[in-house]
Protein chains: 2
Amino acid sequence: MREPRLTVSLLVTNIGELVTWDAERPILHDAAFVVEGGRITWFGARTQAPSADAQRDVAGAAVIPGFVDSHSHLVFAGDRSAEFEARMTGEPYAAGGIRTTVAATRAATDEQLAANVARHVTEMHAQGTTTVEIKSGYGLTVHDEARSLAIAKQFTDETTFLGAHVVPDDTDIAAYVDLVTGPMLERCAPHARWIDVFCEDGAFGADETRAVLEAGIAAGLQPRIHASQLGPGPGVQLAVGLGAAAADHCTYLTDADVDALAGSTTVAGLLPGVEFSTRHPYPDARRLIDAGVTVALATDCNPGSSYTSSMAFCISVAVRDMGMSPREALWSATLGGATSLRRDDIGRLTVGARADFSVLNAPSYVHLAYRPGVPLVLSTWKDGRQLV
Amino acid sequence: MREPRLTVSLLVTNIGELVTWDAERPILHDAAFVVEGGRITWFGARTQAPSADAQRDVAGAAVIPGFVDSHSHLVFAGDRSAEFEARMTGEPYAAGGIRTTVAATRAATDEQLAANVARHVTEMHAQGTTTVEIKSGYGLTVHDEARSLAIAKQFTDETTFLGAHVVPDDTDIAAYVDLVTGPMLERCAPHARWIDVFCEDGAFGADETRAVLEAGIAAGLQPRIHASQLGPGPGVQLAVGLGAAAADHCTYLTDADVDALAGSTTVAGLLPGVEFSTRHPYPDARRLIDAGVTVALATDCNPGSSYTSSMAFCISVAVRDMGMSPREALWSATLGGATSLRRDDIGRLTVGARADFSVLNAPSYVHLAYRPGVPLVLSTWKDGRQLV
């Protein structure tokens, strides 16, 4: 008796432009690749493609690695469109607005929160994102942080405990840090891969940030950080010192911050949706890249400071306003994001990588910046299966 | 024997937020409207809606008038992504790049040009645009301008003869103006509603612009203009003097230009996709609105200076960078565009207006600016029929 065949191979062919980020052949034209068991098993010139059990002809379209969105806050309820509208007609952005979302999130049921995450993840898939990191941080109680992470874990392996997002109302910061590093961490760690802190004036200072990250590391979590969003601060160098995977925002960096990043394995995560939606100046990606820093682009999708879920939008702004070339921006939105999550199986389409990719309604990835705001994703695939 | 019933009424109901731009009730909540014969026949509170033959429940979504994109150049072939990429890595935008598209357009068949227009118009429908003005201007011969307009006419009533886009290579400007105002106009006028000139250093000066617009008016066309895109110039005041419907770009305006617009029926068409894609400073919408000028927003969709087809993207940039509130930006993208096209039947959802509208995947139109880059259009309807 023959064994049932469990694996079917798929040839994706007639690719006008294929971005692999392979060291020798990072971008190919008139290309093809083969997927088997959810992984890339071959890529190269279309005319040299091996046969496969099934075939998908993409008619000359560009194919890119699925976007890796390394920074989002999707476990929330409510929206803050009124706050946005007020800000756009003159009021400044203040981190305290986070508390509005905290109240709405605490009041929501698990089912409502999960439905909201599902809606946003589906929206991201339709826009080409195949991996998204999701943070807690709108619960700020042991119960609400733990359920936020349990819900996030239904949608991604890249879950981040951000109990140290802001200090809740009527709470002493020292007492809150004790809670975050004690009972809250204990309940949250099983649902999280990462530990994160919003290190900023008005949120957590250097000492509190270090205490939270070190407690997280001791509990088996890996550190990442929010740093220098609203002004210069100690966060970036602290993160580098702790070997953090990512220092995100990086809007206001000193030369010492840039030097520290350049000499480290910490990725600078730039989140242009924030500056777009708060009218802050954009981070200087050019300065970072020229200094040798690894840069990731991410949405920071959240209802307060950046309610975009579009990585393509982030690319278009990064190219216009942050000194990135279209190619650098795509790299940062794919392999840069993967590096920020310390993943070598995503963000690229080389042999052995996961078959996470998007087919674009465009002949080149350059159109992601060239055609701002236009939805260019025709289909999105994860582990070789079509999502959208 | 009963007459067959030719008209079916449709009740669109459970609208969370309905933008009508009615003088007394411009924005309603928990609303509904009735469509019959392709027009709005009733709108008001959901609980007071009359019965209809059919019903569409939009589940609390926001409904807005279809976008009126009053400035586009969709009759072209090829793309200029390489030029875009070069510009983003340091080269300045120059109007001469238009000639690249002229060569590609002349070389294309009618079928290829029509297919390209169809593709872009479909893309616009999916993004909520229900009326688009389309210009010629990549032909620059009698034959190629006339066929460009005949093709545009298959897709819209708002066709614009822009023979005076640039002076073709190896052609004397005086001889070319004679051609545009003579045999070219004669062949093109039957396919066009509007006459337009690119009045700018490197394109057409004040005398040539006046000659072309006056010849167009004499041939029964109505004037509009490209003015002050790359620097201050005579175009705006010239347009106002001729009673033009629109002066588009308006990036570099003198106080006298603003005064002239404010005292006129000429609409200032702002095209933020251009400034986004060329890194020019944005036009100051706030200054214009505060002076009493009527402002329209449009994409200027073209392969050189602004290859976006997204009116939502234009709204988000106008709110961030041009001093418009979300409400002002939506008005300019709908009723402002209609005013720029001197149409009173579109851009609003009042009784008697065409039932051209979009249902948003959002509770409020504010999300168009609050969620930049995210495709929020669930469905688009024109004359009461669902397009997408």
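Letters go in sequence order (proteins before strands), and every chain restarts at 1.
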Query raised in the report: Measuring heavy-atom distances to chain A, does B:C301 have an atom under 4.5 Å in its side chain, in its backbone, in both, or in neither?
Result: side chain
Query raised in the report: Between B:A82 and chain A, which part of the residue has a heavy atom less than 4.5 Å away: side chain, backbone, both or neither?
Result: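 Contact with chain A involves no heavy atom of B:A82 at all.
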Query raised in the report: Given a strict heavy-atom distance threshold of 4.5 Å, which part of A:P326 is in contact with chain B: side chain, backbone, both, or neither?
Result: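 Side chain of A:P326 only, per the 4.5 Å heavy-atom cut-off to chain B.
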Query raised in the report: Relative to chain B, which segment of A:P363 carries a heavy atom at a distance below 4.5 Å: side chain, backbone, both, or neither?
Result: side chain
Query raised in the report: What pair of heavy atoms forms the shortest contact from A:F84 to B:V319, and how long is it?
Result: CZ-CG1, 4.4 Å
Using distance alone, with no hydrogens and no angle check, list the donor-acceptor pairs under 3.5 Å between chain A and chain B.
residue	atom	partner	partner atom	Å
A:D79	OD2	B:H367	NE2	3.1
A:R80	N	B:Y370	OH	2.7
A:E123	OE1	B:R371	NH1	3.1
A:E123	OE2	B:R371	NH1	3.2
A:E123	OE2	B:R371	NH2	2.6
A:E275	O	B:R320	NE	3.3
A:E275	O	B:R320	NH2	2.8
A:F276	O	B:R320	NE	3.0
A:R279	NE	B:R320	O	2.7
A:R279	NH2	B:V319	O	2.7
A:H280	O	B:R320	NH2	2.9
A:Y282	OH	B:R320	NE	3.3
A:P303	O	B:Y370	OH	2.5
A:Y307	O	B:R371	NE	2.8
A:Y307	O	B:R371	NH2	3.4
A:T308	OG1	B:P372	O	2.5
A:V319	O	B:R279	NH2	2.7
A:R320	O	B:R279	NE	2.7
A:R320	NE	B:E275	O	3.3
A:R320	NE	B:F276	O	3.0
A:R320	NE	B:Y282	OH	3.3
A:R320	NH2	B:E275	O	2.8
A:R320	NH2	B:H280	O	2.9
A:H367	NE2	B:D79	OD2	3.1
A:Y370	OH	B:R80	N	2.7
A:Y370	OH	B:P303	O	2.5
A:R371	NE	B:Y307	O	2.8
A:R371	NH1	B:E123	OE1	3.0
A:R371	NH1	B:E123	OE2	3.2
A:R371	NH2	B:E123	OE2	2.7
A:R371	NH2	B:Y307	O	3.4
A:P372	O	B:T308	OG1	2.5

**Report entry** Listed once per pair and sorted, the ring pair (Phe, Tyr, Trp, His ring centres under 6.0 Å) pairs that draw on residues 286-306 of chain A, sequence neighbours left out
**Finding:**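 Residue pairs passing ring pair (Phe, Tyr, Trp, His ring centres under 6.0 Å), neighbours aside: none found.
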**Report entry** Winner by heavy-atom pair count (cut-off under 4.5 Å) against chain B, out of A:P375, A:P372, A:G373
**Finding:**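 The option with the most such pairs is A:P372.
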Requested in this report: Could you check if a side-chain atom of A:V374 sits within less than 4.5 angstrom of a side-chain atom of B:F313, using non-hydrogen atoms only?
Outcome: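 Not touching, per the 4.5 Å side-chain cut-off.
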